[in-house]
Amino acid sequence: MEKIKTTLFFFCMVLSLTSLSAQEITSFHSMWGAHFYQDKEKLSWKEINTIMTESQASEMYWQKSKKQMFGGLIAGTANLGSAIWYLVNEHDDKDTTAPIVSFAGTAVIGSIFYHLAMKNKKQAILEYNDSLDKSTSLRLEPTSNENGIGLALKF
C-alpha cells in the first residue's frame, strides 16, 4: 500500500511539473495600434509594461521602443505643424516650398522612428517568450541505479 501511495504521489508531482509553463505573449496590429494577448486574454498596456520588466533583455528592447515611439510622436506633431504651415501659405498665396520640404522630412523621420519602435517592440516580445523556455531550473531525466529505473528531478 505504501508503494502505491508513493507511486501515485510521484505521478501527480511529475504531472503537475510538466504542465507548469508560462504563457507566451502574442501581438496583433490593428488600425488603432498593437493589441497584446496571453492565450485568449487581452492585456492592458499597464499589464504588458509590468510583464516586460520580468526579463532584462525584453525590458531593454521595450524601453527603447517606448523612447522611439515618443520620438515618432514628436516627428508626427512636427508633421502636423508643417501641414498647417503649408495650408496657411497656400491660402495666403505665399511660397510653399519650405512647408512641403518640412512636411516630407518630418514624415520620413516619423516613419523611421515608428518602424524602429515596432521592430524593438517585436524583439522585446520575442525575448520575453524565449526567456520563458529557459526560466525553469528543473527538469526530469531518466535514470537507473541500484534502486531501479525511474525519473530523476534535476535542478
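The residues of the chain are indexed from 1 along the displayed sequence.
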Student: Rounded to the nearest 0.5 Å, how far apart are NZ of K67 and NZ of K64?
Tutor: 9.5 Å
Student: List the atom of S55, the atom of E127, and the distance in Å for their closest heavy-atom pair.
Tutor: OG-O, 4.4 Å
Student: Is there a path of hydrophobic side-chain contacts, each under 4.5 Å between heavy atoms, that joins I125 and L43?
Tutor: yes
Student: About how many Å separate NE2 of H35 and CD1 of I48, when rounded to the nearest 0.5 Å?
Tutor: 12.5 Å
Student: Give the cluster check for L73 versus L116: same hydrophobic cluster or not, with ILVMFWY residues linked at side-chain heavy-atom distances below 4.5 Å.
Tutor: no
Student: Where is the tightest heavy-atom contact between S27 and A34, given as atom of each residue plus distance?
Tutor: OG-CB, 4.0 Å
Student: Would the distance check show the side chain of N49 and the main-chain N or O of W45 forming a donor-acceptor pair, the cut-off being under 3.5 Å?
Tutor: yes
Student: Show every ring-ring contact (aromatic ring centres under 6.0 Å, His included) that has at least one partner inside residues 60-103, sequence neighbours left out.
Tutor: F36-W62
Student: Would a 4.5 Å heavy-atom cut-off, applied to side chains only, mark M60 and Q56 as touching?
Tutor: no
Student: Is any side-chain heavy atom of N129 less than 4.5 Å from a side-chain heavy atom of I25?
Tutor: yes
Student: Specify the closest pair of heavy atoms between A107 and N79, including all atoms of both residues, with the distance to one decimal.
Tutor: N-ND2, 3.1 Å
Student: Donor-acceptor pair, distance only, cut-off 3.5 Å: does the side chain of S102 make one with the backbone of P99?
Tutor: no
Student: So which atom in T53 and which in T50 form the shortest heavy-atom distance, rounded to 0.1 Å?
Tutor: OG1-O, 2.6 Å
Student: Rounded to the nearest 0.5 Å, how far does OH of Y128 lie from CD of E24?
Tutor: 9.0 Å
Student: Could you give the distance from CD1 (I74) to OG1 (T106), rounded to the nearest 0.5 Å?
Tutor: 12.5 Å
Student: So, do M118 and M69 sit near enough that their side-chain heavy atoms are less than 4.5 Å apart?
Tutor: yes
Student: Is there any side-chain hydrogen bond (donor to acceptor under 3.5 Å, both in side chains) pair reaching into residues 108-121, and which pairs are they, with sequence neighbours excluded?
Tutor: Q68-N120
Student: Please answer whether the main-chain N or O of S44 pairs with a side-chain N or O of E47 as donor and acceptor at a distance below 3.5 Å.
Tutor: yes
